[in-house]
Amino acid sequence: MTEYLLKILIVGDGNVGKSSFVHRYVSGQFNKTYKMTVGVDFSVKLLHWSDKEKVRVQLWDIAGQERFISMTRLYYKGAMGCIVMFDVTNSTSFQNCHYWKQDLDNKTMLPNGRPIPCILLANKCDLSQWAVKAESIEKFCKANGFLTWMETSVKDNKNVGEAMRRLVEEALSL
Ligand code: GDP
């Protein structure tokens with residue numbers, strides 16, 4: 001049995017659903033009052049990936065540091081994948097994905113010199129008042145080197161596991 005350790009980051013503006021995503025993925029729950037404990041850097045989920053492989057996923061949430069827009073290199077160190085998340089009802093949070101991706105690309109690099117794989121998540125898709133068009137997301141996604149984008153609802157548990165699976169798959173193939 002081989003066990004891999006994967007550090008995955010989740011970045012994006014405040015209030016888009018990052019800590020809810022981590023909580024949902026790791027514990028399977030969604031509760032509105034959940035707040036990550038101050039001082040906790042990451043959550044862990046153990047995946048039984050195949051008969052021969054286990055993957056220990058470390059999911060790092062920037063937990064309230066969004067105002068420092070530019071993250072320290074130390075935070076990004078050793079990351080093998082990243083989620084950039086925005087809230088579909090908040091167009092500013094979508095526009096800021098540009099800065100999050102840029103910051104990430106400036107500070108991370110795989111041993112082969114390429115940027116780390118990154119997925120763009122359009123969260124809160126359960127809400128009807130979308131402020132961002134799907135075609136704008138698609139365009140942005142292609143222009144900025146994301147693997148893909150997906151709409152997610154952490155609330156309704158839509159695409160949370162799927163997005164993580166896609167990212168883990170990609171990270172393991174590197
Ligand atoms: P963070 O600041 O990015 O970590 O965001 P939080 O995880 O604290 O979530 C911000 C707010 O959005 C909370 O009130 C969540 O309950 C809510 N939220 C998170 N995900 C969803 C979702 O998929 N749909 C809806 N409707 N609300 C969500």
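All ligand and atom numbering here is 1-based and tracks the order in the structure.
- Heavy-atom neighbours of Asp51 CG from other residues, nucleotides or ligands within 6.0 Å: at or below the threshold of 12.
- Dense packing is recorded around CD of Gln129, with more than 12 heavy atoms of other residues, nucleotides or ligands lying under 6.0 Å away.
- By the 3.5 Å distance cut-off applied to N or O atoms, Thr152 is not counted among the residues near ligand 1.
- Between atom 17 (C) of ligand 1 and the options Lys124, Lys158, Lys155, His23, the minimum heavy-atom separation is to Lys124.
- Between Asp13 and Asn96, the shortest heavy-atom contact is OD2-ND2, 2.7 Å.
- Counting the atoms of ligand 1 from 1 in the order shown, those under 4.0 Å from a heavy atom of Leu127 are 26 (N).
- Ring geometry, Trp60 versus Tyr75: the interplanar angle exceeds 60°, so the pair is classed perpendicular (tilted spans 30 to 60°).
- Only side-chain heavy atoms of Asp126 come within less than 4.0 Å of ligand 1; its backbone N, CA, C and O stay farther off.
- When non-hydrogen atoms are compared, ligand 1 lies under 4.0 Å from neither the backbone nor the side chain of Phe21.
- Each of the atoms 1 (P), 2 (O), 3 (O), 5 (O), 10 (C), 11 (C) of ligand 1 lies under 4.0 Å from some heavy atom of Asn15.
- Using the six-membered ring where Trp is involved, Phe146 and Phe140 have ring planes that are tilted, between 30° and 60° apart.
- At least one N/O-N/O distance between Val16 and ligand 1 falls below 3.5 Å.
- Contact atoms of ligand 1 toward Ser20: 6 (P), 7 (O), 9 (O), 15 (C), 19 (C) (distance under 4.0 Å to a heavy atom of the residue).
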Candidate pair Lys142 and Glu138, rule salt bridge (charged side-chain N to carboxylate O under 4.0 Å, His left out), full reasoning: CA-CA 6 Å; Lys142 287 209 169 113; Glu138 178 70 31; 3.0 Å; yes
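- Checked against a 3.5 angstrom limit, the closest N/O atoms of Gly14 and ligand 1 fall outside it.
- Around atom 20 (N) of ligand 1, the closest heavy atom drawn from Ile10, Val11, Asn123, Val88 belongs to Asn123.
- A cation-pi arrangement is not found for Lys7 relative to Phe42, the charged atom failing to lie both closer than 6.0 Å to the ring centre and inside a 45° cone about the ring normal.
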